[in-house]
**Student:** 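Encoded as structure tokens, here's the structure I'll be asking about.
Proteins come first, then strands; the chains are lettered A, B, ... in the order of their sequence lines, and each starts at number 1.
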There are 2 protein chains.
Amino acid sequence: MLNSRVAERRDILRALGEVFRAHGYEGASLTLITEATGLGKGSLYHLFPGGKQQMAEEVLADIDGWFEQNIYVPLRSAEDPARAIAAMIAGVDRYFASGDRICLVGLVALGVARDHFAGAVDSYFARWHQALVALLRKSGLTNAQAQRRSEDALLTIQGALVLARARNDSKIFRRALSDLTTRLLTPAEK
Amino acid sequence: MLNSRVAERRDILRALGEVFRAHGYEGASLTLITEATGLGKGSLYHLFPGGKQQMAEEVLADIDGWFEQNIYVPLRSAEDPARAIAAMIAGVDRYFASGDRICLVGLVALGVARDHFAGAVDSYFARWHQALVALLRKSGLTNAQAQRRSEDALLTIQGALVLARARNDSKIFRRALSDLTTRLLTPAEK
DNA sequence: GTCTATAAAGCGATAGAC
DNA sequence: GTCTATCGCTTTATAGAC
């Protein structure tokens, strides 16, 4: 029963996440949230006394948890770099629905809301970056090379999501992920 | 006197652009716009009878015009690809204040406002892409190579802006532009 | 724990004086 | 051409019945 409550809350957070994704933090009105979750304002403020700010915080924490579990942990504990990178790319492709779903953390980062969630936004990318650096070092790259290549990976994913949506062409995202895989697997030069 | 009116309007559009950049389309309230421009609501609606929608349309058109003149035209008319690429990177670095200023077109693309400005958003990137493709073909790349490399350039710039702001580190943007220059100048393989 | 009703503030937009 | 006052609506948030 405790588990069902947790599961329920997570379902609500997932629904909330899609509203924030579609309308942004300021655009996600309580009316839209009410429709998406099926919960009245009374219920919402009972579950999230901190209002919209708390909702967004928990949504970001939920997303963070998903990436921690499905991307960062496998990256850190991997033994075979090539397989780990392929798994990361596959996970990213799945999460972002091959370019049809944008990154809420990236969207928040670009808006004013970023100042309210700066810690969560930075941590999401910082931990991803560090996990990827650790993996790439195992594949023989120097620290500087691994740092730069990991940064390139994160930025490529974000840019591909922006451009795919701007041009309404998810093939852009798929091509970018494919090329990124190749770049990440290329042995270090020099 | 006609010129001064045009110049004045452009100054207003530049101020409007910064408000939209900082707060997004939905977040840019008329109160904020009033403060940023120094114009009352009456004046604003006299200048822009179409309201906020018209303001955003003209801001996007102004940005588009800036890129057309300062980036796309030089790209199309260039004779020396290496110099043209260096000039484009320099222009991009200047426009985005080395990563301290985000791309309004990219921000709009990620939000709901995208549907209202889909044409302008797509055109901005499509024309940039085409101008870059034409230039890269002059440097000996096949059409497919030029297409892919141009796409990579656009997406890298957008991603670098997102990541630099997310991590509050404009060095990320500068590094990305530097690496991008190298990639664009690398001779075609095979 | 969920609802309806409502408060208080802010929104985009308009009217009309000057 | 710019201002103030105001309209009608929506916003976040709260109160209180059930």
**Student:** Looking for any heavy atom pair under 4.0 Å, which part of the strands does B:G40 touch: base, sugar-phosphate only, or nothing?
**Tutor:**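 Since only primed, P, OP1 and OP2 atoms lie under 4.0 Å of B:G40, the category is sugar-phosphate.
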**Student:** What pairs of residues pass the salt bridge (charged side-chain N to carboxylate O under 4.0 Å, His left out) test when at least one of them lies in residues 155-169 of chain B, not counting sequence neighbours?
**Tutor:**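 As it turns out, the salt bridge (charged side-chain N to carboxylate O under 4.0 Å, His left out) pairs with a partner in residues 155-169 of chain B, which skip direct neighbours, are A:D122-B:R167, B:D169-B:K171.
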**Student:** Output a table of nitrogen or oxygen pairs between the protein and nucleotides 6-8 of chain C separated by less than 3.5 Å.
**Tutor:**
none

**Student:** Once side-chain hydrogen bond (donor to acceptor under 3.5 Å, both in side chains) is applied, what residue pairs with a partner in residues 21-38 of chain A remain, sequence neighbours excluded?
**Tutor:**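 Only A:E18-A:R21, A:R21-A:Y95 qualify under side-chain hydrogen bond (donor to acceptor under 3.5 Å, both in side chains).
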**Student:** In this structure, how many angstroms lie between the P atom of C:dT14 and the CG atom of B:L30, rounded?
**Tutor:** 11 Å
**Student:** Assuming nearest nucleotide by heavy-atom distance, tell me which of A:G42 and A:G27 is located more 5' along DNA chain D.
**Tutor:**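 Between the two, 5'-proximity favours A:G27.
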**Student:** Might you point out which heavy atoms bring A:A84 and A:L135 nearest each other, and give the distance in Å?
**Tutor:** CB-CD1, 3.6 Å
**Student:** In residues 44-61 of chain B, which ones come under 4.0 Å of DNA chain D, going by heavy atoms?
**Tutor:** B:H46
**Student:** Sort and list the pairs that fulfil side-chain hydrogen bond (donor to acceptor under 3.5 Å, both in side chains) and have at least one residue in residues 69-83 of chain A, not counting sequence neighbours.
**Tutor:**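 Sorted result for residues 69-83 of chain A: A:E68-A:R76.
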**Student:** Could you state the CD1-C1' distance from A:I33 to D:dT10, rounded to the nearest angstrom?
**Tutor:** 14 Å
**Student:** What stems show up for DNA chain C when you take Watson-Crick pairs (N1-N3 plus N6-O4 or O6-N4) and G-U wobbles (N1-O2, O6-N3), both under 3.5 Å, and require three or more consecutive pairs?
**Tutor:**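 Consecutive-pair runs (3 or more) involving DNA chain C: C:1-18 with D:1-18.
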**Student:** Nearest whole Å is fine: how far is D:dT10 C1' from A:H23 NE2?
**Tutor:**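 About 15 Å, once rounded to whole Å.
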**Student:** Calculate the interatomic distance between A:L32 atom CG and D:dT11 atom C1'; express it in whole Å.
**Tutor:**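 After rounding, the reported distance stands at 11 Å.
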**Student:** Measure from CG on A:L39 to P on C:dT4 and round the result to the nearest Å.
**Tutor:**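 From A:L39 CG to C:dT4 P: 12 Å.
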**Student:** When you measure from the centre of the six-membered ring of A:F48, is the NZ or CZ of A:R9 under 6.0 Å away and within 45° of the axis?
**Tutor:** yes
**Student:** Looking only at heavy atoms, which two atoms of B:S98 and B:F173 are closest? And how far apart?
**Tutor:** C-CD2, 3.2 Å
**Student:** Considering only C:dC11, D:dT12, C:dG12, which nucleotide approaches the side chain of A:S29 most closely?
**Tutor:** D:dT12
